[in-house]
Amino acid sequence: MPISPYVLLPRVPLGRNTPLGQDGPVPEGGGDTPPPVTGGSGLLAVPFGADLAPEVALPVPAAALLAHYEAKGEAGEIVEVPVADGETVGRVLLYGIGDGGAAALRRAGAAVARRGKGRDAIRIVLPEGPVAALVEGALLATYTFRIGEARSTPAVRVEFVGEGVAAEVARGETVASAVAFARDLANTPSSVKTPAWLADRAVEHVLDGGNGRTRARVRGEDELRAGGFGGILAVGRGSVSPPRLIELSYTPEGATRHVVLVGKGITYDTGGLSLKPTENMKFMKTDMAGGAAVIAVIGALARLNVPVRVTGLIAAAENAFSGTAQRPSDVITQYGGRTVEVLNTDAEGRLVMADALAYADAELDPDVVVDIATLTGAIGIALGKGLGAVFASDDALAAELSRAGESSGDRLWRMPLVEDYVPALESGVADLANIESGSTYGAGSITAALFLREFTGGRPWAHLDIAGVGRSTADEGVVSKGATGYGVRLLLEWLSDGTGHPV
Ligand code: BES
Ligand code: MN
Ligand code: ZN
């Protein structure tokens, strides 16, 4: 008996995804016939308990089947069932959705999509209700990156079917597409990814699909010099590829609040003259993951109709090892005039971030500032790969971000800004030192956060240290090996929950 390329279709087909990293039209409403799955093999996935008759002829009733396999309906649980499809044999995946919450739906979507790997397409029948998380999970799990392709192509084409879920499918697709874009940027090798290249991609990305509501401005070396951005220039001076400050803005009509997002955009971090050992250095092409998240978020705001004005600042530089590089013991002048003694050139992230934070405070008048950076290896040791860190000057802001972390799947843990550690950043020759002297406390992530706080002008501010969660070593759930795109889902959730984020 030949294997059916496809199992009979449910009656109310709806949407299909475009390849990740691309945006395409999302079908409005139900009723379209989805395009046939051409060639090769297709797969149909249906939630436990959904009424399969008469589309699919199960060998025994679904309830009996599930009992036979002792299926509990947990999220991520899948029962594969061979079904008769005319003259052929097809296969249906019955999948569990656990408690039906966002985390469970995301896990279910990812598990189903991973079963489709190696096939041409998988058609997922959605359960009822808010299912954006399932769509998002399925699409994120199909992410693959291959150098040479302009944009990543999904491991399997995913189609979604369901009644009254158009808006949910569209949201899931937009969010997953934004995460994929951030992953693409961070996975791109640094031989390609110069600060100028990153700026070009950022401008292109946010203007495309911004609906006239997004703008971009890129400062090159001359402008950085004229503006006094001494931190970005000092870090970038060792590289043949000069630094950039990328400023992206999204201004919806009637916005009353202004959020500034600042992203670390180190396109490669050798450590500078404080050179990293190879074992640590080889991961450093993703040291712009925070900046990538900011670019991807700004690019998605217009599509999601977010009601908040948002400015993104990406401080982009390559921290290279060369004869023109800054030296340990150099003193630099940050944006705004504060001097910093550079005791370790590998603590470069805070130098570029400080300029952007000080600029945001002096020129952009934000209500809230959130920065996101692969800032310290120490945070990966403290929290591992499952949780990002949030440091915040404001309890309400920390709580909002933590909540958005839980519901978006980009989980956060709050870390303390320990006042007793502030004197460790004192310098004998400048206003501040860029690392604690004498390793007084050894809490590298905390002192890094305290350094950044010096440049926030006392505004409501949160710092996300994503050095642990920015990269993954394995394909697992919604995450693929390499860059994770951490922070995109978190920030989009936080910005679009409609509260306006009073702090
Ligand atoms: N980019 C690194 C932090 C990092 C480490 C990111 C591991 C991802 C994985 C950062 O610029 C850095 O080098 N930090 C130093 C700070 C130290 C010199 C105070 C570190 O963590 O060792
Ligand atoms: Mn470094
Ligand atoms: Zn770095």
Side-chain angles (χ1 to χ4, degrees), residues 186-187 190 193 195 198 231-232 234-236 238-239 243 262-293 314-321 325-330 340-356 371-389 391 415 421 424-425 427 432-452 463-473 482-487:
N187 283 328
S190 301
K193 186 173 50 190
L198 188 65
I232 298 173
V235 173
S239 173
V262 178
K264 172 174 171 181
I266 297 298
T267 58
Y268 197 76
D269 183 10
T270 65
L273 295 186
S274 310
L275 194 65
K276 284 184 185 295
T278 308
E279 272 314 295
N280 298 350
M281 199 195 294
K282 67 186 181 194
F283 302 118
M284 289 301 139
K285 73 172 182 181
T286 58
D287 207 20
M288 35 54 74
I314 299 96
E318 179 181 12
N319 191 23
F321 179 91
Q326 64 173 337
R327 310 151 194 85
S329 81
D330 279 358
V340 171
E341 182 184 14
V342 180
L343 292 174
N344 189 322
T345 64
D346 199 9
E348 85 297 340
R350 62 199 76 181
L351 303 178
V352 302
M353 298 292 282
D355 276 1
D371 78 65
I372 176 162
T374 49
L375 206 64
T376 64
I379 205 66
I381 294 168
L383 298 177
K385 299 212 157 286
L387 291 166
F391 294 86
M415 297 284 288
Y421 300 175
L425 291 169
S427 160
L432 275 173
N434 80 325
I435 56 163
E436 57 178 290
S437 38
S439 272
T440 340
Y441 298 104
S445 307
I446 297 175
T447 47
L450 289 170
F451 182 91
L452 294 183
H463 156 59
L464 310 177
D465 192 337
I466 63 163
V469 287
R471 269 186 63 261
S472 165
T473 48
T484 58
Y486 181 98

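Both ligands and their constituent atoms are indexed starting at 1 by order of listing. Sequential numbering from 1 along the given sequence is applied to the chain's residues. We use all heavy atoms of the structure for the numbers below, so side chains are in, but hydrogens, waters and symmetry mates are not.
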If I take atom [atom1] from residue [X] and atom [atom2] from residue [Y], how far apart are they, to the nearest 0.5 angstrom?
{"X": "Asp330", "Y": "Leu343", "atom1": "CG", "atom2": "CG", "value": "10.5 Å"}
{"X": "Leu464", "Y": "Asp371", "atom1": "CG", "atom2": "CG", "value": "6.5 Å"}
{"X": "Leu383", "Y": "Met415", "atom1": "CG", "atom2": "CE", "value": "5.5 Å"}
{"X": "Leu450", "Y": "Arg350", "atom1": "CG", "atom2": "CZ", "value": "10.0 Å"}
{"X": "Lys385", "Y": "Arg471", "atom1": "NZ", "atom2": "CZ", "value": "5.5 Å"}
{"X": "Tyr421", "Y": "Ile446", "atom1": "OH", "atom2": "CD1", "value": "5.5 Å"}

[X] side chain vs [Y] backbone, donor-acceptor pair below 3.5 Å:
{"X": "Gln326", "Y": "Gly238", "value": "no"}
{"X": "Thr484", "Y": "Val469", "value": "yes"}
{"X": "Asp287", "Y": "Tyr268", "value": "no"}
{"X": "Asp355", "Y": "Ile232", "value": "yes"}
{"X": "Glu318", "Y": "Pro243", "value": "no"}
{"X": "Asn434", "Y": "Asn344", "value": "yes"}
{"X": "Thr270", "Y": "Asn319", "value": "yes"}
{"X": "Thr345", "Y": "Leu273", "value": "yes"}

Which protein N, O or S atoms lie under 2.8 Å from the Mn ion (ligand 2)?
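Under 2.8 Å from the Mn ion (ligand 2) - ignoring waters, which are not counted - the protein N, O or S atoms are Asp269 OD2, Asp346 O, Asp346 OD1, Glu348 OE1.
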
Could you identify the single nearest non-hydrogen protein atom to atom 12 (C) of ligand 1 and state the distance to 0.1 Å?
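Sorting protein heavy atoms by distance from atom 12 (C) of ligand 1 puts Asp346 O, 3.2 Å first.
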
Got the closest protein heavy atom to atom 6 (C) of ligand 1, with its distance?
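Nearest neighbour among protein heavy atoms for atom 6 (C) of ligand 1, to 0.1 Å: Ala467 CB, 3.6 Å.
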
For Thr267, side chain to side chain donor-acceptor pair (under 3.5 Å) partners two or more places apart
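Listed in chain order: nothing, the list is empty.
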
With a 4.0 Å cut-off on heavy atoms, is Lys264 in contact with ligand 1?
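In this structure, Lys264 qualifies as a contact of ligand 1 - some heavy atom is under 4.0 Å.
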
Give the atom numbers and elements of ligand 1 that come within less than 4.0 Å of a heavy atom of [X].
{"X": "Asn344", "value": "18 (C)"}
{"X": "Asp287", "value": "1 (N)"}
{"X": "Ile435", "value": "19 (C)"}
{"X": "Met284", "value": "1 (N), 4 (C), 5 (C), 6 (C), 7 (C), 8 (C), 9 (C)"}
{"X": "Leu375", "value": "3 (C), 10 (C), 12 (C), 14 (N)"}
{"X": "Glu348", "value": "11 (O)"}

Taking non-hydrogen atoms only, is [X] closer than 4.0 angstrom to ligand 1 via side chain, backbone, both or neither?
{"X": "Asn280", "value": "neither"}
{"X": "Glu436", "value": "neither"}
{"X": "Asp269", "value": "side chain"}

Using the ring pair (Phe, Tyr, Trp, His ring centres under 6.0 Å) criterion, which residues pair with Phe321? Sequence neighbours excluded.
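Listed in chain order: nothing, the list is empty.
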
As a test of the contact definition, would atom 22 (O) of ligand 1 count as having a protein heavy-atom neighbour under 4.0 Å?
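It does not: no protein heavy atom is found less than 4.0 Å away from atom 22 (O) of ligand 1.
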
Protein non-hydrogen atom found under 4.0 Å from atom 17 (C) of ligand 1
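No, because not a single protein heavy atom sits under 4.0 Å from atom 17 (C) of ligand 1.
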
Please give me the protein atoms (N, O or S only) lying under 2.8 Å from the Zn ion (ligand 3), ordered by chain and number.
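Listed by chain and number, the nearby protein N, O or S atoms are Lys264 NZ, Asp269 OD2, Asp287 OD2, Glu348 OE2.
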
If you measure every N/O of Gly377 against every N/O of ligand 1, is any gap under 3.5 Å?
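Such a contact does occur with ligand 1.
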
Salt bridge present between Lys264 and Glu348 (N-O < 4.0 angstrom)
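Answer for the salt bridge query: yes.
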
